[in-house]
Each structure stands twice: as C-alpha cells, then as structure tokens.
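Values below: all heavy atoms of this structure, side chains included; hydrogens, waters and symmetry mates excluded.
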Amino acid sequence: VDTLGRLFSLVVDVVWLISGIYAFEYMKHEQEEKRFFGFYVMVFGILHALTFSGSMVTFYLFYELMTLLSVPLILHNRSKEAIKGGLKYLFYSLFGAYMVLFGLFFLNRFADSFTFLPGGTLNLAAVAGNEKLMLVVAFSMILGFSVKAGMFPLHAWLPAAHPVAPAPASAVMSGIIVKMGVLGMIRVVYYLVGADFLRGTWVQDVVMAITMFTIVYGCSRAVKESHIKRRLAWSTVSNLSYILFGALVMTPQGLVGALAHFVFHGFMKITSFLCAGAFVGVVGRSSAQSVAYFMLDVIPPQFAVAVLFVVACFVSTAMGTSVGTITLLTPIAVEVAQASSFDVALCVGTVVGGAMFGDNLSFISDTTIAACNGQGCAMKDKFRGNFWIALPAALATVVLILVLTMGQEPTAIEQSYNLVQIIPYVLVLIGGVAGINVFLVLLAGIVSGAIIMLATGQTAATDLLASMGSGA
C-alpha cells in the first residue's frame with residue numbers, strides 16, 4: 001500500500017469512527033437501525049479495500065461496490081424523496097463508472113499495466129501517433145470520476161441525495177465517499193496516464209476551467225439555499241473542486257495542497273456539526289436554566305419578560321441552536337407567566353424571538369459554519385456585520401416588551417441556580433468574539449462543560465458520549 005492509499009485510509013478510519021459514535025445515539029430515533037449499521041460497516045470495509053487497491057482493476061471493482069452498498073444509506077427511510085435521491089445518485093454514479101470503463105478498454109492497449117506507478121504506466125511507443133485519442137481517453141476517465149466528486153455538470157445528484165439521508169450517512173458521504181472520486185482522478189492523472197503526458201494539454205485546461213466554475217457556482221448556490229443539508233451539499237460541491245483544482249495543477253506543490261485540503265475538509269465537515277451537538281448535549285438544560293434563574297433573581301420581577309428575551313439571546317448565541325434554546329427556556333417562560341399576570345403566549349413568543357436573534361449571530365451555528373466556510377470569510381467578521389443589523393431590532397423588541405408589561409407587579413420566582421454552570425457559555429462567546437478558531441472554541445466549551453457537569457453532579461460520565469448524539 002502506497003502513501004496515498006494510507007493517507008486516504010487514515011481519514012476514512014477517523015471520520016467513520018466519529019460518525020459511528022454519533023450514529024449510535026442518532027439512529028435510536030430512526031427505524032431499521034440494524035439495517036443501517038449493516039450497510040454502514042460493509043461500506044467501511046469496501047472503502048479500505050478501495051484505498052488499498054494497487055491497480056485500476058481492483059480499484060474499479062471496489063469503487064462500484066462502494067456505490068451499490070452506499071445506496072441503501074440514502075434510501076434508509078424509504079420516503080419518496082429518499083428513493084428519488086438514491087436513484088439519482090445511483091444513475092449518475094453508473095454513468096460515471098461507464099466513462100471510466102470506456103477509458104480502461106483503451107488503456108489496456110496503450111499502457112504497460114494497470115498497476116499504480118508514480119509517473120504513470122503509458123507505453124509512449126504504443127501511444128505514438130494516437131496522442132489525440134489518448135487525451136480523449138484520459139478526459140473520459142477524469143470526467144467519470146468527477147461524477148462522485150460533484151464537478152459541474154455532473155453534480156446534481158449531491159444536493160438531491162444529501163438532504164434525504166440520515167445525518168450520519170450525510171456526514172460520511174460528504175466527508176469520505178465523494179472524496180473517492182478525487183482519489184480515482186489522482187490515480188488516473190499521476191499513476192496511470194501520467195502528469196507529464198497531460199500537462200499543458202487541452203485536457204488540463206478544460207478540466208481546470210470546469211473546476212473553477214464549479215467553485216464559484218457551488219458557493220453561490222450554498223448562499224442562496226435555505227435548506228441546511230442542501231446548503232452543506234453545495235458547500236461540498238465547491239470544496240471538492242478546490243481539491244480537484246490543486247491536483248490538476250499537476251505539480252508536487254499542487255498535489256500536496258489538494259491532499260491537505262482533502263484531510264482538513266473531511267474533518268471539518270464532520271466535526272463542526274458533531275462538536276456543536278456535543279456542546280449542547282454536555283452543558284444541557286441545567287446550564288441554560290442557571291443563566292435564566294440568575295437573571296430573574298437579580299433583576300426586578302416586573303422586567304421578567306424582557307429578561308427572558310435577553311437570556312434567550314445569550315443562550316442561543318452561545319449554543320448555536322434556536323430550537324434547542326426554545327426547548328430549554330420555554331418551561332421557564334411558562335413558569336414566569338404562571339407566577340404573574342403576563343400572558344403565556346407573550347412569554348413564550350419572547351423566548352422564540354430571542355432564540356432566533358442569537359442563532360443568527362452564533363459562532364457555532366451550523367448555518368454560520370457552512371456560510372463562512374463556503375464564502376471564505378472569518379466568523380468574527382460575519383458576527384460584526386450581522387450584529388449591527390440585528391441590534392436595532394433587538395433593542396426595539398426590548399422597548400416593546402417593556403411597554404407591553406408596564407404597570408404589572410408579578411411575583412418573584414425563587415429557584416436555585418449555579419453560576420459556575422454559566423462558564424461554558426461565557427467561554428464560547430469570548431472565544432468567538434476574539435476570533436479564535438471555532439473548533440478550539442467548541443473544544444473549550446465541551447471540556448469546561450464536561451468538567452463542570454461532572455463536578456456538580458448534573459450528569460454521569462457514561463452519559464457524555466450519548467450527549468453527542470442527542471445534543472444536536
């Protein structure tokens with residue numbers, strides 16, 4: 001097994017393990033759990049065989065097996081959309097595979113062997129006089145593998161299949177399976193046909209032009225897309241073409257850059273969302289309640305509804321989830337309404353509004369991570385830009401709430417709280433505003449939250465891994 005195969009295999013191992021841990025908890029809420037894990041494990045084994053392949057014959061065999069065995073992961077819930085997305089993935093993949101097979105028939109004549117060798121295995125004496133035909137063959141094989149890599153115009157399966165698959169399947173498809181198209185393209189360019197033969201030809205120019213268009217097109221579609229999973233799919237389309245572009249420069253530096261992007265993108269795709277889910281799960285309900293009850297304790301009860309709005313803004317900004325914030329704070333909002341003459345709908349609506357405000361600004365919100373990575377902007381810059389847009393609306397909301405609740409004298413709410421449990425939220429907010437890398441910020445929140453929750457007896461050590469699956 002060469003270095004390239006070992007690198008791809010290592011990334012497969014890490015991503016599959018992380019996603020598998022997440023899937024144990026996630027799939028409890030889905031049907032046919034055993035079927036999912038059966039295909040999940042089979043695809044894992046096929047991916048190892050694919051990355052360890054020493055020739056294009058075995059590579060092609062396991063590449064096709066990977067396609068066939070990954071289709072059930074997309075079809076898992078058997079809805080109309082899932083069936084449509086799975087069939088689209090299958091038909092596009094088969095079309096690409098036939099283009100690769102077409103190239104293999106000609107390589108059998110012009111190459112000394114199908115074994116992967118640095119520099120390629122073309123027999124230049126046999127190719128002499130047939131250079132134009134060989135370029136068409138190489139272009140056909142590159143285009144065939146580009147189907148899995150989501151390169152325009154053969155990318156349409158990805159936004160269709162990605163949203164309908166269970167979250168763990170979407171994670172490994174985006175982080176690993178699509179990258180096997182990149183691996184196939186690298187094998188063709190560097191280990192079969194040879195970079196020296198293709199460098200400076202129309203094949204290099206055309207494919208690089210397509211990848212540049214795909215980069216811009218994928219980013220543009222990601223920004224316009226409102227469905228989060230489709231937005232991630234378009235982000236994947238764009239990032240894969242970054243990797244292809246680096247590899248198709250056909251220089252050692254370009255290949256190293258492409259492989260580095262492959263590694264970092266694979267880890268970023270899966271860890272950003274799993275870390276956000278882990279943070280929410282680890283700090284949990286008790287931390288959010290501590291924030292709320294602390295604010296309600298130090299501020300006069302007639303301002304309780306305004307306090308709910310401010311707390312919802314703070315908690316959702318720190319947690320990166322509006323729905324999670326609403327779930328945690330709505331019981332407190334109902335409690336405030338019952339202890340006063342404030343309307344229940346007003347209290348709950350205040351929590352919803354604050355949650356939406358904070359989610360829009362959060363550094364660890366899934367939409368923020370996807371948008372910033374898709375556009376290449378810093379998260380702190382996105383926060384600063386959004387903050388000055390959202391702040392006037394938030395201030396107007398606070399004023400409106402104070403006007404609506406003026407003159408009422410509710411009963412003070414007496415509940416215990418622990419200020420130490422607020423620390424993870426504060427760390428996440430400070431780290432985000434300071435511009436620290438989002439993964440380091442999340443790691444700080446997760447570690448501090450885990451230590452605090454264990455020390456205060458709010459959770460057991462055995463529940464922390466389950467929190468990663470249920471927290472998102």
Side-chain angles (χ1 to χ4, degrees), residues 1-17 43-67 69-70 96-97 100-101 103-104 106-108 110-124 127 134 137-138 141-149 151 172 175-199 203-204 207 211 239-240 242-267:
V1 181
D2 61 6
T3 303
L4 182 66
R6 287 195 293 268
L7 173 65
F8 273 75
S9 177
L10 176 63
V11 176
V12 169
D13 286 338
V14 175
V15 172
W16 225 260
L17 174 63
V43 174
F44 177 61
I46 292 298
L47 285 169
H48 271 291
L50 194 155
T51 55
F52 289 166
S53 295
S55 74
M56 183 51 74
V57 174
T58 53
F59 185 94
Y60 183 83
L61 171 65
F62 290 117
Y63 188 82
E64 284 296 86
L65 283 174
M66 176 192 70
T67 297
L69 291 176
S70 58
V100 174
L101 186 62
L104 286 176
F106 285 91
L107 274 180
N108 186 50
F110 295 124
D112 291 329
S113 72
F114 286 137
T115 303
F116 295 138
L117 293 175
T121 61
L122 276 187
N123 186 325
L124 296 181
V127 173
M134 193 62 233
V137 170
M141 297 185 73
I142 291 173
L143 209 58
F145 282 120
S146 76
V147 173
K148 197 75 87 209
M151 191 174 74
V172 296
I176 294 297
I177 291 178
V178 294
K179 305 295 196 323
M180 294 304 110
V182 175
L183 176 59
M185 193 175 294
I186 292 175
R187 290 298 194 188
V188 170
V189 172
Y190 289 89
Y191 292 84
L192 282 182
V193 178
D196 291 336
F197 181 80
L198 295 174
R199 191 180 295 113
V203 174
Q204 183 185 27
V207 179
T211 59
N239 276 277
L240 285 171
Y242 275 111
I243 300 172
L244 295 178
F245 183 86
L248 290 167
V249 173
M250 299 185 189
T251 63
Q253 296 85 353
L255 182 58
V256 169
L259 294 177
H261 194 145
F262 153 72
V263 174
F264 298 143
H265 179 260
F267 291 152

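Here CG of L122 is found 11.5 Å from CG of L117. Values are rounded to the nearest 0.5 Å. Here CZ of R187 is found 9.0 Å from CG of L192. Values are rounded to the nearest 0.5 Å. Here the CG atom belonging to L143 is positioned 7.5 Å from the CE atom belonging to M185, to the nearest 0.5 angstrom. A distance of 10.0 Å separates CG in L248 from CG in L255, rounded to the nearest 0.5 Å.
Contact check for L47 versus W16: side-chain heavy atoms found under the 4.5 Å cut-off. Contact annotation: the side chain of Y191 approaches that of D2 to within less than 4.5 Å [non-hydrogen atoms, C-beta and beyond]. The closest side-chain heavy-atom distance from F114 to Y60 is not below 4.5 Å. Considering only heavy atoms from C-beta on, T51 comes within 4.5 Å of M180 through its side chain. For the pair F145 and Y63, the minimum side-chain heavy-atom distance is below 4.5 Å. Contact check for L4 versus Y190: no side-chain heavy atoms found under the 4.5 Å cut-off.
Below 30°, between 30° and 60°, or above 60°: for H48 and F52 the angle between ring planes is between 30° and 60°, a tilted geometry.
Using a distance-only test at 3.5 Å, with no hydrogens or angles considered, no donor-acceptor pair links the side chain of S9 to the main chain of G5. Side chain of T121 to main chain of S113: a donor-acceptor pair is present (N/O by atom type, distance under 3.5 Å, no hydrogens or angles).
Nearest heavy atoms, A247 versus A258: N-CB, 3.5 Å. The nearest pair of heavy atoms linking F262 to I243 is CA-CD1, 3.7 Å. Taking every heavy atom of both residues into account, L198 and Q204 meet most closely at O-CB, 3.8 Å. In terms of heavy atoms, V193 sits closest to M134 at CG2-CE, 4.2 Å. Looking at every heavy atom in both residues, I46 comes nearest to F62 through CG2-O, 3.3 Å. Of all the heavy atoms in A97 and E64, the pair that sits closest is CB-OE1, 3.1 Å.
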Quiz item: Yes or no on side chain to side chain contact (heavy atoms under 4.5 Å, CB included) for M151 and T211, after CA distance, side-chain angles and deciding distance?
Solution: CA-CA 7 Å; M151 191 174 74; T211 59; 3.5 Å; yes
Practice problem: Kindly determine whether L107 and M56 satisfy side chain to side chain contact (heavy atoms under 4.5 Å, CB included), including the steps that lead there. | Solution: CA-CA 10 Å; L107 274 180; M56 183 51 74; 5.9 Å; no
Quiz item: Yes or no on side chain to side chain contact (heavy atoms under 4.5 Å, CB included) for V12 and L50, after CA distance, side-chain angles and deciding distance?
Solution: CA-CA 11 Å; V12 169; L50 194 155; over 6 Å; no
Quiz item: Would D196 and M250 satisfy side chain to side chain contact (heavy atoms under 4.5 Å, CB included), going step by step from the backbone distance to the final call?
Solution: CA-CA 8 Å; D196 291 336; M250 299 185 189; over 6 Å; no
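A donor and an acceptor atom, one from each side chain of T3 and R6, are located under 3.5 Å apart.
A salt bridge (charged side-chain N to carboxylate O under 4.0 Å, His left out) check over residues 248-264, counting only residues at least two apart or in different chains, returns nothing.
D112 pairs by the salt bridge (charged side-chain N to carboxylate O under 4.0 Å, His left out) definition with nothing, not counting sequence neighbours.
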